[in-house]
Visitor: 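Before I ask anything, here is the structure I am working with.
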Protein chains: 2
Amino acid sequence: MAQLRIALAQTNPVVGDLAGNADKLIGWTRRAADRGAHLVVFTEMFLTGYPVEDLVLRTSFVDASIAGLEAVAARLAAEGLGELPVVVGYVDRAGLTHRVGQPKGAPLDAAALLHQGRVVMRTAKHHLPNYGVFDEYRYFVRGDRLPVFRLHGVDVAVAICEDLWQEGGPVSVAREAGAGLLVVPNASPYEMNKDDVRFALCARRAGEAGCALAYANQVGGQDELIFDGDSLIVSAEGELIARAGQFTEELLVADLELPLGSGQPGEFQVDAEDGTTITVERVVLSEEPLAYPAEPPVIQERLDDRAEVYQALVLGVRDYVAKNGFQSVILGLSGGIDSALTATIAADAIGPDRVHVVLMPSRYSSDHSVEDAEELVRRQGLQARVVPIADVVNAFEKEIELTGLAAENLQARVRGMLLMSLSNQHGHLVLTTGNKSELATGYSTLYGDSAGGFAPIKDVPKSLVWELSKWRNTRSTPPPIPENSITKEPSAELRPEQRDTDSLPPYEVLDRLLDDYVEQDLGREELIAAGHDPELVTRVIRLVDTAEYKRRQYPPGPKISPKNFGRDRRLPITNRWREG
Amino acid sequence: MAQLRIALAQTNPVVGDLAGNADKLIGWTRRAADRGAHLVVFTEMFLTGYPVEDLVLRTSFVDASIAGLEAVAARLAAEGLGELPVVVGYVDRAGLTHRVGQPKGAPLDAAALLHQGRVVMRTAKHHLPNYGVFDEYRYFVRGDRLPVFRLHGVDVAVAICEDLWQEGGPVSVAREAGAGLLVVPNASPYEMNKDDVRFALCARRAGEAGCALAYANQVGGQDELIFDGDSLIVSAEGELIARAGQFTEELLVADLELPLGSGQPGEFQVDAEDGTTITVERVVLSEEPLAYPAEPPVIQERLDDRAEVYQALVLGVRDYVAKNGFQSVILGLSGGIDSALTATIAADAIGPDRVHVVLMPSRYSSDHSVEDAEELVRRQGLQARVVPIADVVNAFEKEIELTGLAAENLQARVRGMLLMSLSNQHGHLVLTTGNKSELATGYSTLYGDSAGGFAPIKDVPKSLVWELSKWRNTRSTPPPIPENSITKEPSAELRPEQRDTDSLPPYEVLDRLLDDYVEQDLGREELIAAGHDPELVTRVIRLVDTAEYKRRQYPPGPKISPKNFGRDRRLPITNRWREG
């Protein structure tokens, strides 16, 4: 046996910022060197950021990634870090001749080993995910190599992200190759409860690979995706050795006791047990095993379920604001729970002094609405102003006659326009305050309450909006959200005495049905068999199906479930299919 | 040799309308029977419509498709059409056990042969397109069969759409199977000049298959996609035998002289020359060759380039309106060329009496703008009203102080809101009038001129807007578009003396650069090498890259180019990548 101190760099790259990500790589490698690490592992496509989508089809982008990798390898050496091996993800190309159906330029979701100023080994993801938010058959060709490098006598193999999630491939080949440690760069997006799945998966794959497994995951928000970090190391027996925190940048350092490698340098081919063949390439960096006093490993505590979701939303907002170059946000505050929670998340993300709220009462706004909104502003110290909408609404209605829903929508749109105008004038990002239950059923106004640049609770069903609000109120004193905003009956206040339940079933009934229809994809008969009221099933299916256009126009927002109505669920607008 | 009269049903299914599409199948089969056809070929996924996107991941949807196929086979027989063999596309499933990365339920982009009330043979698309607007690795598993049925002595094989576009697979296997005719159901979307490519492709593949080839293509608009029809039949030597019109429903009937088949019924396996093996299945429907007096074949004339694009846009609007259940459209008429062309396309699509236009002059609107708009209304007989925006703009500006771009945007947004309000009140679909040059560079106002439900000229660069307008003016008397709208200098008229060239380079320069950057994906250095001004390249790349969010919020519109900023071009919003 031999020892290795491994450092997993759980960091936050920016898509497309190759120079900034390279700087980050240098900085974190220096931190790892300072901690005495023998190996640093960065995340999947760290140099380019992930996901880059169609950028990868640009020749110039792939060229820049490859050149950037070589430059950063040289720079590590120039800055005195060349002796510390670094595994990092980037984009490469396979160099195949073009075929119809193969992505232009044959890009690879690649990873490389950098050492002594050089790119020593290169590999690429073998299993490509192509479901949910992933379209990787569009972007990448499959890798077919397993690099193994001997470091202080230990054979370290490299696989990438999805290679863990599918059967066969690099994991089974790692066993054949006699690896003592499998390191895995990941960019694996957050979903509620994914941390449990992830640990179980790593434990199982370690058993299959017959060696310890080090899982380094990206952290941070990128458009709709939130990466939660949660990097971890398991032993060959599947025991948890070390684990990083969730939603924070962290260098996870652990001392591992690992078997010595014995194979010869060179290449050989292995049946990957998935219908393909993988070439194992083994090189030797250093044979001498190390022995030193190990430090106790870090195992960060897991957040509880509510804290986890809340932190995901906070991180999503913080990074969307920062990575898009905004300094501040603006949103409409109605006194209701959706805008109250959205404002609170924003204040937690970027500080209350950068959160601008606008109270826009109309003739139908109740007194308590305004009071509740003002109370929230006081408790959190937000930047507030009041803009009554009555005169603007009247000006419209002098020009065109509007009744019923058209008149209701007008009020929502006047508010949306006021926010957009203030955004244009002052440079704030407009936050949209709609929740997932509304978005699913189309209970919102196009260009009204759905206007904006980012929608923090887009993927949060109304029931969970209440839960998160109550949870957040237990976390600081005074509670940031006025109790009245949580307990009062929901209303859009677009006509006298309006209640959400005029148009929708009670949210606890609706949310259960929406989950079964949207997330679980159950058909009409299955929904009824699951105990949902048949009439309600018919009504809700129709609402959901016909709201597709509205949803497509909705701003992006942090994804916390399998389907947030983003790129994870793609339906035609023109669609006559009705369940049953 | 033997004769066969084949009928290609170039028709217009509706996505998800399984009952309606089945009715259509019965009706068109009856027409084919009345014409004495011996075989009818419908298009790809005709029973379900194409593309159905994530609908195909619903168990209930696939169940309904399979049941619908069997029902329509029985119904053909019940209605006295059972003796006429029908080839039709639908969705089936492969019945594989679930694997990670394989689409849920293992759906197949299938086609079947219906005869005497039964489903006689089933097959599925072998080559799956996964680029541009296609995501078929997400939706389908690969088919691996080539059905061959002997009809009056002739062996007829079936392949599907993309099977023609890639090397190897069903085409090469058809030769091995000794087919006398290869029939190919398609749902192949329109792009400018695709008809030339299509004919050349069919001629080449007929040569490779060693037999005549009958290509039946869908026609009609489905969200952003326009299917142009252009069904055709080529001989084994690649000569054009018959060709249907573009953008119209048509039953293309042709008498073919074909070789007699000689193989035995049963199954055998063939190397598909693409790394896979395909099972050929041969059945015999009838051995007796036919001889009868042939009718002269139909070869419809091709539209010229301008007419072709214009018809595509008209069909796109007509079908989006009809298939989404609208009766009428509404748009803002500024007196400029974009709204003039959009209104003209709409009037050609659904009739001028269903086209409502709103003139919304502001303090910055020039007299000639209003006059040009009124002249267009008179010439075409549109439904017009005038709503001045000054008082509404003033009402906003009394509540919040706006300057510069924020004040300009406000005017555009007041117009967008007026249109949306009138849409809500009267049920019109709002047409958005922006062109592709604006969309590419972000020269539009979010929730202002970009508001609406469908954007007819979204994929038309400004230069082509002018060309199409001039062309359309040559097609009827009086010319529908006032000459002044075509010749005057473009202006958004949001501030005094504003000109588009204040913000953008001349459109003829801009459009060439945009084509190279957006369609051809050239990088900065390549653009400069291609002769574009370096400073302009830098500026336009920045404009295009930073307008991604705006484009995502834009309504869909008919796709006529490789990249219409729809599902064919997917980029992150947060993106720090800058060419060069």
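Hydrogens, waters and symmetry mates are skipped; everything else that's a heavy atom, side chains included, is used. Chain naming here is simple, since letters A, B, ... match the order of the sequence lines and numbering starts at 1 in each.
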Visitor: Between chain B and each of A/Ala407, A/Gly523, A/Ser423, A/Gly453, count heavy-atom pairs under 4.5 Å; write down the option with the most.
Guide: A/Gly453
Visitor: Would you please say whether a donor-acceptor pair under 3.5 Å links the side chains of B/Ser60 and A/Glu525?
Guide: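 Their side chains do not contain a donor-acceptor pair, so the 3.5 Å distance test is not met.
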Visitor: Name the member of A/Asp17, A/Leu405, A/Thr403, A/Asn409 that forms the most heavy-atom pairs with chain B at distances under 4.5 Å.
Guide: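 Winner by heavy-atom pair count: A/Thr403.
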Visitor: Quick one: does B/Met420's side chain get under 4.5 Å of A/Leu446's, heavy atoms only?
Guide: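 In contact.
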Visitor: Give, as side chain, backbone, both or neither, the part of B/Ser65 having an atom under 4.5 angstrom from any heavy atom of chain A.
Guide: neither
Visitor: Begin from the C-alpha positions of B/Gln425 and A/Glu401 and carry the test side-chain contact (heavy atoms from CB on, under 4.5 Å) through to its verdict.
Guide: CA-CA 8 Å; B/Gln425 187 72 32; A/Glu401 198 193 318; over 6 Å; no
Visitor: Answer yes or no: is there a donor N or O on one side and an acceptor on the other, between the side chain of B/Asp223 and the main chain of A/Thr574, under 3.5 Å?
Guide: yes
Visitor: Which value, rounded to the nearest 0.5 Å, describes the distance between B/Ile400 atom CD1 and A/His426 atom NE2?
Guide: 7.5 Å
Visitor: From B/Arg578 CZ over to A/Leu18 CG, what is the distance, rounded to the nearest 0.5 angstrom?
Guide: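 Taking CZ in B/Arg578 and CG in A/Leu18, the distance rounds to 12.5 Å.
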Visitor: Give the member of A/Leu410, A/Asp319, A/Val14 that has the highest number of heavy-atom pairs under 4.5 Å with chain B.
Guide: A/Val14
Visitor: With a 4.5 angstrom heavy-atom cut-off, which part of B/Glu397 approaches chain A: side chain, backbone, both or neither?
Guide: neither
Visitor: Please walk me through it: do A/Val414 and B/Phe396 pass side-chain contact (heavy atoms from CB on, under 4.5 Å)?
Guide: CA-CA 9 Å; A/Val414 167; B/Phe396 270 102; 4.2 Å; yes
Visitor: Report the C-alpha separation of A/Asp135 and B/Arg567 in whole Å, then their side-chain angles, then the decisive distance to 0.1 Å, and conclude whether the salt bridge (charged side-chain N to carboxylate O under 4.0 Å, His left out) test is met.
Guide: CA-CA 12 Å; A/Asp135 288 310; B/Arg567 295 195 177 186; over 6 Å; no
Visitor: Would you say the side-chain atoms of B/Tyr447 pair up with the backbone N or O of A/Gly416, donor to acceptor, closer than 3.5 Å?
Guide: no
Visitor: Counting only heavy atoms closer than 4.5 Å, note whether A/Ala322 contacts chain B via side chain, backbone, both or neither.
Guide: backbone
Visitor: Highest number of heavy-atom pairs under 4.5 Å with chain B: which of A/Gly49, A/Gly448, A/Pro388, A/Gly221?
Guide: A/Pro388
Visitor: Under the side-chain contact (heavy atoms from CB on, under 4.5 Å) rule, what do B/Asp521 and A/Lys104 come out as? Steps first, then yes or no, please.
Guide: CA-CA 10 Å; B/Asp521 258 333; A/Lys104 187 181 149 210; 3.3 Å; yes
Visitor: Heavy atoms only: give me the nearest A/Pro572-B/Pro51 pair and the separation to one decimal.
Guide: CG-O, 3.8 Å
Visitor: Need one label for B/Tyr139: side chain, backbone, both or neither, based on atoms under 4.5 Å from any heavy atom in chain A.
Guide: side chain
Visitor: Checking B/Ala412 against chain A: side chain, backbone, both or neither under 4.5 Å from a heavy atom?
Guide: neither
Visitor: Under a 4.5 Å heavy-atom cutoff, which of B/Gly325, B/Gly16, B/Gly20 has the most pairs with chain A?
Guide: B/Gly16
Visitor: Answer yes or no: is there a donor N or O on one side and an acceptor on the other, between the side chain of A/Glu399 and the main chain of B/Val392, under 3.5 Å?
Guide: no
Visitor: Could you check if a side-chain atom of A/Tyr320 sits within less than 4.5 angstrom of a side-chain atom of B/Ile573, using non-hydrogen atoms only?
Guide: yes
Visitor: Could you give the distance from CD (B/Gln102) to OH (A/Tyr131), rounded to the nearest 0.5 Å?
Guide: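 Interatomic distance, B/Gln102 CD to A/Tyr131 OH, rounded to 0.5 Å: 12.5 Å.
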Visitor: Main chain of A/Gly132, side chain of B/Arg138: is a donor-acceptor contact present, judged purely on distance under 3.5 Å?
Guide: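 Yes, because the side chain of B/Arg138 sits within donor-acceptor range (under 3.5 Å) of the backbone of A/Gly132.
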Visitor: Could you walk me through whether B/Arg58 and A/Tyr517 satisfy the side-chain contact (heavy atoms from CB on, under 4.5 Å) test, starting with their C-alpha distance in whole Å, then the side-chain angles of each, then the deciding distance to 0.1 Å, before giving a yes or no?
Guide: CA-CA 10 Å; B/Arg58 301 187 75 87; A/Tyr517 184 54; 2.8 Å; yes
Visitor: Who wins among A/Arg552, A/Arg385, A/Arg569 for the most heavy-atom pairs under 4.5 Å with chain B?
Guide: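 Looking at each of A/Arg552, A/Arg385, A/Arg569 in turn, A/Arg552 comes out on top.
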Visitor: Report the distance from atom CG of A/Asn575 to atom NZ of B/Lys323, rounding to the nearest 0.5 Å.
Guide: 12.0 Å
Visitor: Over all heavy atoms of both residues, which pair between A/Lys398 and B/Asp391 is shortest? Give the atoms and the distance, please.
Guide: NZ-OD2, 4.5 Å
Visitor: Where on B/Leu418 is there a heavy atom nearer than 4.5 Å to chain A: the side chain, the backbone, both, or neither?
Guide: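 It is both, since atoms from each part get that close.
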Visitor: Side chain from CB out, backbone as N, CA, C, O: work out which of these in B/Asp568 comes under 4.5 Å of a heavy atom of chain A, or both, or neither.
Guide: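 Looking at B/Asp568, just its backbone touches chain A.
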Visitor: Considering only heavy atoms, which portion of A/Asp274 lies under 4.5 Å from any heavy atom of chain B: side chain, backbone, both, or neither?
Guide: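 When you check distances to chain B, no heavy atom of A/Asp274 falls under 4.5 Å.
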Visitor: Output the option from A/Pro129, A/Ala64, A/Gly404, A/Pro555 having the highest count of non-hydrogen pairs under 4.5 Å with chain B.
Guide: A/Pro555
Visitor: What distance separates A/Glu408 CD from B/Asn424 CG, expressed to the nearest 0.5 Å?
Guide: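 Between atom CD of A/Glu408 and atom CG of B/Asn424 there are 10.5 Å.
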Visitor: Do B/Arg570 and A/Asp54 sit within salt-bridge range, that is, some charged N less than 4.0 Å from a carboxylate O?
Guide: no
Visitor: How many angstroms lie between atom CG of B/Asn324 and atom OH of A/Tyr549, to the nearest 0.5 angstrom?
Guide: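 Here the interatomic distance stands at 10.0 Å.
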